[in-house]
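Reviewing the structure listed below.
Numbered from 1 within each chain, the chains take letters A, B, ... in sequence-line order.
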Amino acid sequence: MAASVLTPQSADFPRWYQDVVAKAELAETGAARGTQIIKPWGYALWERIQGELDARIKATGHDNVYFPLFIPMEYFEREAEHVEGFSPELAVVTHGGGKELTEPLAVRPTSETVIGEAMARWIQGHRDLPLLLNQWANVVRWELRPRLFLRTTEFLWQEGHTAHATWQEAQDETLRILVEVYAEVLRDVLAVPVLLGRKTEAEKFPGAESTYTLEGLMRDGKALQMGTSHNLGQNFATAFDIAFTDESGARRQAWTTSWGVSTRVVGGLVMAHGDDRGLRLPPAVAPLQVVVLAVKDDTIPVAQRLAAELRDAGVRVRVDQRTNLSFGRRAVDWELKGVPLRLEVGPRDVAAGQATLARRDTGDKSAVALHAVAAQLPGLLDAIQAAMLDGARERRDAATIDVADPDEIDGPGFFRLPWAQLGVEGEARLAERGYTVRCLLTADGGIPGGGPDRDDAGLVAYVAKAY
RNA sequence: CGGGAUGUAGCGCAGCUUGGUUAGCGCGCCACGUUCGGGACGUGGAGGCCCCGGGUUCAAAUCCCGGCAUCCCGACCA
């Protein structure tokens, strides 16, 4: 076995993360502070995630739109909590065309305001509701401490914005996105089990009535917020006058929601599954599911034939015929990049009528008959997908500890305790020690309700250190 | 914004304390050859506003002053 090319996770997890992002060629820092250059392999991951999210967003009835990058500053001032929450991290354009602007423009940190302004004009009667929009965009938040993918000044995301006739419809939408779009993609595609819950008042989105979240657990025991869905109540509808005439002819204010998932999840994918040999990609999200490695020039034709058969079987596959590079170099490269299966086709294999199959998730190697490759691998990919989710779930469950007292909270993982034992003051005390309430769940693990008449008394808090 | 550190080849670094000829090393890159079933090796080669500006000096990567930038640790966040 070659010497490790990465800092071991156990030695220094943040360093390991930086190493993997660099060595797997996911991204590098941009010239301007906090910006990142997403490289082909990293962008391919994002495109897979995008595709899965986009399909589900559309399947649940939403249409894609695109709103401007620049937003008049004045828009932010209309919603008190929103401006307070976002002002510190706004990038503001003060000059254009060589002149100072009379009205400064904010570079969008999120688009509730511009989209709210348009909704107010687009929605007139109840037949215009619900209005279900989504946009894929870049946003800018002047972050104090950037980290590739996890927290960058500019990042890519989708942001959904919807308007409804009633509170209940807005609440249903908020949870439908959480469960049917986000949780499904994270669980079934990224193989990351997530806690679905509601944020505390301290942690909710500025301007929201309630914020729902999906919290994943990384391999170092820290939590990562992998997506949020907000019921905005009538806060933005009031600020931007989003109103409609109902069936009875009465003028009523709408209820809105917003929800987003960003390139942060790429970082989450890395940290949820990666090991000391690099990335481990679940097959569903892997840009390449199988690499057929032709060991020698002589075996290139066989490798290409196998790849063609796999492609016909619906597998994302590439032949590595860079025989000018050593075998070890190439094997390590693909392991760093996390490709789920590597099919080694060497002279000895071909002579025996077989190929050598290496699994990235377990490291196991086995022989597979050449004629059976196309028939066997798709099923194996499904098995790997399931095994990776099971593995992540086991790690998560093993790292979730029930505590009776907040003082017992110490170390990695999730700590679970009744919210009543914590409360707003307990939450603040935990924050001083670097722990946050990641989310609140019902006693039986369900998603808590929202709304003004909700009762938080019986809820359970999940506490962890977070990225 | 506090605390710490660093800017020298694409990347990672040495050299600076005690100024002195063509500024080194590893990786990577290019060429050729031998290799190549777990990050191969040999030979040859290319590649430097030594962060920027000013100063001291016969002479500055090295000393002095000023600036800029980045990284790490905290508070903010998808």
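In this structure, Arg56(A) does not pair ionically with Glu180(A), as no charged nitrogen and carboxylate oxygen lie closer than 4.0 Å.
Following rounding to the nearest Å, Arg433(A) (CZ) and A75(B) (P) show an atom-to-atom distance of 13 Å. Atom CG in Asp297(A) sits roughly 13 Å away from atom C1' in U35(B) (whole-Å rounding). In this structure, Gln18(A) atom CD and C11(B) atom P are separated by 16 Å, rounded to whole Å. As rounded to whole Å, 18 Å separates atom C1' of G37(B) from atom CD of Gln321(A). In this entry the distance linking CZ of Phe327(A) with P of G37(B) reads 8 Å, nearest Å. Rounded to an integer number of Å, the gap from Lys23(A) NZ to G12(B) P is 11 Å. The distance from atom NZ of Lys296(A) to atom P of C36(B) is 5 Å, rounded to the nearest whole Å. One interatomic measurement links the two molecules: CZ of Arg147(A) to C1' of U70(B), which rounds to 16 Å at whole-angstrom precision.
Using atom P as the reference point in both U17(B) and C63(B), the two lie 5 Å apart (nearest Å). Nucleotides U35(B) and G42(B) place their C1' atoms 11 Å apart, quoted to the nearest Å. A60(B) and A46(B): their P atoms are spaced 27 Å apart (whole Å). Comparing the P positions of G15(B) and C51(B) gives a spacing of 15 Å, expressed to the nearest Å. The gap from the C1' atom of A61(B) to that of U18(B) amounts to 15 Å, rounded to the nearest Å. Nucleotides U21(B) and U34(B), compared at atom P, are 43 Å apart to the nearest Å. Of the C1' atoms belonging to U56(B) and G2(B), the separation is 35 Å, rounded to the nearest Å. On the P atoms, G44(B) is 13 Å away from G26(B), given to the nearest whole Å.
Contact check of residues 342-354 of chain A against RNA chain B (heavy atom, cut-off under 4.0 Å) returns Arg342(A), Glu344(A), Gly346(A), Pro347(A), Arg348(A), Asp349(A).
One distance of note links CD of Glu427(A) with CG of Leu440(A); it measures 8.0 Å at 0.5 Å rounding. Annotation: the span from Leu150(A) atom CG to Leu224(A) atom CG amounts to 6.0 Å, rounded to 0.5 Å. In this structure, the separation between CH2 on Trp46(A) and CH2 on Trp157(A) is 10.5 Å, given to the nearest 0.5 Å.
Residue contacts for Leu293(A): at a heavy-atom cut-off of 4.0 Å it reaches no nucleic acid atom on any strand shown. Residue contacts shown for Asp333(A) include a base, since a base heavy atom lies under 4.0 Å away. Nucleic acid contact class of Thr110(A) (heavy atoms, under 4.0 Å, all strands): none. Here Glu432(A) lies out of heavy-atom contact (under 4.0 Å) with every strand. Residue contacts for Arg33(A): at a heavy-atom cut-off of 4.0 Å it reaches the sugar-phosphate backbone alone, with no base atom in range.
Residue-to-nucleotide contacts include no donor-acceptor pair under 3.5 Å from the side chain of Lys365(A) to the base of G37(B).
Under the Watson-Crick and G-U wobble criteria, each requiring two contacts below 3.5 Å, nucleotide U17(B) is left unpaired. U70(B) and A5(B) make up a base pair, with Watson-Crick or G-U wobble contacts both under 3.5 Å. Pairing for A78(B) is absent, judged as Watson-Crick or G-U wobble with the two contacts each under 3.5 Å. For G53(B), the paired base is C65(B) (Watson-Crick or G-U wobble, both distances below 3.5 Å). Nucleotide U35(B) has no partner under the Watson-Crick or G-U criteria, as no pair reaches both atom distances under 3.5 Å. Using N1 to N3 plus N6-O4 or O6-N4 for Watson-Crick, or N1-O2 and O6-N3 for G-U wobble, each under 3.5 Å, G44(B) pairs with C30(B).
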What does the list of N/O pairs under 3.5 Å between the protein and nucleotides 76-78 of chain B look like, with a distance for each?
residue	atom	partner	partner atom	Å
C77(B)	O2'	Glu143(A)	OE2	3.4
C77(B)	O2	Arg151(A)	NE	3.4
C77(B)	O2	Arg264(A)	NH2	3.3
C77(B)	N3	Arg151(A)	NE	3.1
A78(B)	O3'	Gln225(A)	NE2	3.2
A78(B)	O2'	Arg264(A)	NE	3.0
A78(B)	O2'	Arg264(A)	NH1	2.6
A78(B)	N6	Thr152(A)	N	3.0
A78(B)	N6	Thr152(A)	O	2.7
A78(B)	N1	Thr152(A)	N	3.4
A78(B)	N3	Ser262(A)	OG	2.8

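Scanning both residues, Gly267(A) and Phe149(A), for their nearest heavy atoms gives N-CB, 3.8 Å. The two residues Leu132(A) and Glu173(A) come nearest to each other via the heavy atoms CD2-OE1, 4.0 Å. Closest approach of Val345(A) and Val302(A) over heavy atoms only: CG1-CG1, 4.0 Å.
For C71(B), neither phosphate oxygen OP1 nor OP2 lies less than 4.0 angstrom from any side-chain nitrogen or oxygen of Arg15(A). At the phosphate of C36(B), neither OP1 nor OP2 sits under 4.0 Å from any side-chain N or O atom of Ser326(A).
Side-chain atoms of Arg316(A) never come within 3.5 Å of backbone atoms of Gln289(A) as a donor-acceptor pair (strictly under, hydrogens ignored). Side chain of Trp16(A) to main chain of Asp275(A): a donor-acceptor pair is present (N/O by atom type, distance under 3.5 Å, no hydrogens or angles). Arg78(A) places no side-chain N or O within donor-acceptor distance of the main-chain N or O of Phe240(A), the cut-off being under 3.5 Å. Using a distance-only test at 3.5 Å, with no hydrogens or angles considered, a donor-acceptor pair links the side chain of Arg360(A) to the main chain of Glu335(A).
Positionally, the nearest nucleotide of RNA chain B for Asn324(A) lies more toward the 5' end than for the other of Gly434(A) and Asn324(A). Place Arg330(A) and Leu336(A) on RNA chain B by their nearest nucleotides, and Arg330(A) ends up nearer the 5' end.
A donor-acceptor contact closer than 3.5 angstrom is absent between the side chains of Arg198(A) and Tyr212(A).
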